[in-house]
There are 2 protein chains.
Amino acid sequence: MLKFDVLAKDTSSHARRGTLTLNHGVVQTPIFMPVGTYGTVKGVMPRSLEEMGAQIILGNTFHLWMRPGLDVMQSFGGLHDFERWNKPILTDSGGFQVWSLGAMRKITEEGVTFASPVNGDKLFMSPEVSMQIQTTLNSDIVMQLDECTPYETKGHLTTEAEARKSMEMSRRWAVRSKDEFARLENPNALFGIVQGGMFTNLRQESLDALVEMNFPGYAVGGVSVGEPKDQMLEIMAHTPHRLPEHKPRYLMGVGTPEDLVQGVADGVDMFDCVMPTRNARNGTLFTRFGDLKIRNARHKADHGPLDSTCTCYTCAGHTRPDGTSSGGFSRAYLHHLDRCGEMLGPMLTTVHNLHYYLNLMREVREALEVGQFGAFRAKFKEDRARGV
Amino acid sequence: MLKFDVLAKDTSSHARRGTLTLNHGVVQTPIFMPVGTYGTVKGVMPRSLEEMGAQIILGNTFHLWMRPGLDVMQSFGGLHDFERWNKPILTDSGGFQVWSLGAMRKITEEGVTFASPVNGDKLFMSPEVSMQIQTTLNSDIVMQLDECTPYETKGHLTTEAEARKSMEMSRRWAVRSKDEFARLENPNALFGIVQGGMFTNLRQESLDALVEMNFPGYAVGGVSVGEPKDQMLEIMAHTPHRLPEHKPRYLMGVGTPEDLVQGVADGVDMFDCVMPTRNARNGTLFTRFGDLKIRNARHKADHGPLDSTCTCYTCAGHTRPDGTSSGGFSRAYLHHLDRCGEMLGPMLTTVHNLHYYLNLMREVREALEVGQFGAFRAKFKEDRARGV
């Protein structure tokens with residue numbers, strides 16, 4: 001099931017505030033969805049995710065198909081019980097990972113044949129197989145199998161003819177995904193994915209065809225695939241707001257904090273990206289006043305927190321009901337952990353970066369609720385440019 | 001300061017139940033102390049440590065001297081504020097790490113000259129330097145600089161003459177440690193360390209000399225250094241109970257759950273060991289019914305917890321005041337995390353193993369309080385032998 005309600009709309013942009021009701025709960029939009037590839041958001045305890053206000057997380061169909069495998073998933077009745085996350089989950093189709101196998105795979109209209117990167121077994125992925133796997137995972141939002149049109153094809157920029165061919169196959173696979181999803185009587189919600197590369201005319205064609213098919217929600221795929229920022233912004237400006245207003249819109253794989261705020265203005269409701277977790281492990285931290293590299297020697301003796309306005313465990317600590325407190329670490333300590341290669345380093349920075357993304361979306365929602373999104377955007381840009 | 005009170009004594013062994021009052025709080029003994037080498041107990045959040053009931057943790061003087069260095073430590077007023085741990089801390093003397101440098105160090109009566117493993121700087125460690133560093137760290141329990149007599153010396157079993165020479169130097173360094181500790185007006189508590197290798201006559205000599213010096217607490221060092229288990233048990237049976245009854249006794253670097261319970265019976269009050277944290281990262285988990293290797297394929301589809309009697313977050317989960325819950329993971333999930341090399345694997349197993357050790361000591365204390373330590377030991381052995 002899926003129910004989407006728009007609660008408020010911005011008057012000077014396409015931004016909107018909504019609620020998305022799914023089988024495992026209600027999601028307040030706009031929302032950022034942490035990525036939990038193998039059934040775990042890297043480096044963070046489920047309890048911390050919940051405390052930070054994560055409302056919906058991702059799982060990667062291809063990865064979970066390989067490990068632990070569908071027999072184990074089936075025995076748990078899906079991903080929720082396996083990873084002990086009882087809020088909504090969205091799974092991708094597995095297509096992107098199959099393409100990434102490069103020379104190890106062969107694509108036909110029917111589907112993709114490839115060798116398992118885990119044990120070499122010959123495997124087959126198709127719209128039907130993707131739906132079957134995602135049904136076993138029992139994710140609240142299921143993605144159609146699509147081809148993520150690359151920015152470059154065989155060493156040259158993908159041509160319009162190549163992008164059209166790819167988009168049209170994704171469109172046919174949308175039909176097959178929808179049919180199989182229905183045949184399986186999957187009780188969750190299937191999203192169609194708009195493709196079309198960097199060509200707005202193809203994006204419009206893709207969008208029109210998918211809207212005709214009446215999906216309960218739509219994604220914009222094939223952005224953040226290596227294109228220059230201005231081309232990404234062009235697609236973001238073109239596509240999301242043209243999707244049906246009463247249905248949720250998901251921009252796949254995007255992006256920086258600035259991209260998210262721009263995406264909201266462009267009418268996007270849902271985002272996912274590995275950036276907060278991956279950057280945390282690499283020591284690049286997001287703050288209200290710009291990004292910070294914890295490895296920089298200037299933090300060696302700095303007693304201050306990463307971000308004095310941040311309320312996460314890493315920056316501000318927690319106070320317990322009994323009045324005792326824990327956490328609230330200095331940049332000096334985080335610098336030291338990084339330098340010593342201690343696990344606690346990425347554990348604490350992951351909490352901070354995810355909290356930053358989730359809190360940014362919380363602030364966006366609050367601004368939309370009170371009709372102040374324009375002022376929020378201006379302040380956000382000014383703050384982020386200030387430097388940390 | 002240090003105040004030690006024996007609350008109860010076992011009638012059939014040397015075991016006792018006590019409280020140890022230090023500058024940063026009261027420790028219930030017998031106690032296991034998690035090891036936080038670089039100012040972090042590897043893989044675990046301070047908040048989790050507190051929730052598991054950790055009362056005192058270790059820091060390693062040598063490591064912290066190298067990184068972040070004394071200037072940073074000084075600026076934080078010591079290790080507590082740096083790592084945000086406001087309960088008691090014990091630091092070792094740094095001697096063990098200096099010996100471990102092997103060819104890179106030169107030992108004289110005065111002290112040890114060595115090259116920094118971090119930047120190659122020529123450095124000097126002596127009883128005085130160790131006391132100065134530990135004073136900067138402001139640890140609640142400071143250890144004298146000693147020489148940890150090895151089990152083998154230059155390819156042969158350490159002879160009595162070699163062990164005597166080593167023990168006598170440790171004894172002289174105890175005097176210098178005590179003098180420097182007093183000169184620095186360190187407000188914490190200094191422990192003397194009994195050495196003597198595998199020779200009980202030397203252990204007795206060392207013990208007598210240190211008791212004469214009237215330390216507020218005593219450690220037994222130089223065990224768990226590669227000797228056969230029966231020799232370790234011989235020293236454990238000989239030395240701890242001969243130390244002054246009204247002072248705390250610390251067995252350094254020991255050991256397995258069985259070793260801890262035996263150590264308590266031998267009159268030990270305090271233990272430290274990297275085993276629970278290191279084994280957790282290697283996938284060897286302690287349970288009431290024996291040890292378990294999570295990598296074993298038999299756990300692949302096992303829905304049960306590591307230990308159905310365990311109350312840790314990993315096994316049983318937490319229920320929040322609002323009634324929601326989190327955690328309580330299956331062996332199948334932990335097996336999957338390990339197989340995928342996901343950080344959450346060692347994070348969850350570290351919580352479990354530390355909880356196991358801390359809970360074991362809690363059960364020991366409860367048994368001592370009600371005069372049932374003998375029955376507890378019998379049940380403990382029976383349970384652990386059952387198999388998991």
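Fair warning: this is a prediction, and the values are worked out from it, not measured in the lab. In the text below, chain A, chain B and the rest are named by the order of the sequence lines, each starting its count at 1.
Among residues 49-62 of chain B, the residues having any heavy atom closer than 4.5 Å to a heavy atom of chain A are, in sequence order, B:E50, B:E51.
Counting heavy atoms from C-beta on, the side chains of A:H336 and B:V72 never come closer than 4.5 Å. Between B:C340 and A:T37 there is no side-chain heavy-atom pair separated by less than 4.5 Å. The shortest distance between side-chain heavy atoms of A:M45 and B:V351 falls below 4.5 Å. In this structure, the side chains of A:V118 and B:R339 come closer than 4.5 Å at one or more pairs of heavy atoms.
For the atom pair CG of B:L337 and OH of A:Y38, the computed distance is 11.5 Å after rounding to the nearest 0.5 Å. The line from CZ of A:R84 to OH of B:Y333 is 10.5 Å long, rounded to the nearest 0.5 Å. Taking CH2 of A:W85 as the reference point, atom OG of B:S326 lies at 8.5 Å (rounded to 0.5 Å). A:M347 contributes atom CE, which lies 4.0 Å from atom CE of B:M347 (distance to the nearest 0.5 angstrom). Here the CG atom belonging to B:D71 is positioned 4.5 Å from the NZ atom belonging to A:K300, to the nearest 0.5 angstrom.
By the 6.0 Å contact criterion, CZ on B:R67 is enclosed, its count of non-hydrogen atoms from other residues, nucleotides or ligands being greater than 12. B:F114 CZ: more than 12 foreign heavy atoms inside a 6.0 Å radius. With a 6.0 Å radius and a threshold of 12 heavy atoms from other residues, nucleotides or ligands, A:F76 has its CZ atom above the threshold. For A:R278, the CZ atom counts as loosely surrounded, since its 6.0 Å shell holds 12 or fewer non-hydrogen atoms of other residues, nucleotides or ligands.
Neither the backbone nor the side chain of B:H335 comes within contact range of chain A, judged by heavy atoms closer than 4.5 Å. Only the side chain of B:Y313 comes within less than 4.5 Å of a heavy atom of chain A; its backbone N, CA, C and O stay farther away. Heavy-atom distances place the side chain of A:S330, and not its backbone, under 4.5 Å from chain B. For B:D81, no part lies near chain A; criterion is any non-hydrogen pair under 4.5 Å.
Of all non-hydrogen atoms in B:F329 and A:P46, the two that sit nearest each other are CZ-CG, 3.6 Å.
Among B:M66, B:H63, B:K42, the residue making the largest number of heavy-atom pairs under 4.5 Å with chain A is B:K42. The choice from B:S48, B:G345, B:G327 that makes the most heavy-atom pairs within less than 4.5 Å of chain A is B:G327.
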Legend entry - Stepwise side-chain contact (heavy atoms from CB on, under 4.5 Å) check, B:T40 with A:M343: CA-CA 9 Å; B:T40 161; A:M343 260 176 76; over 6 Å; no
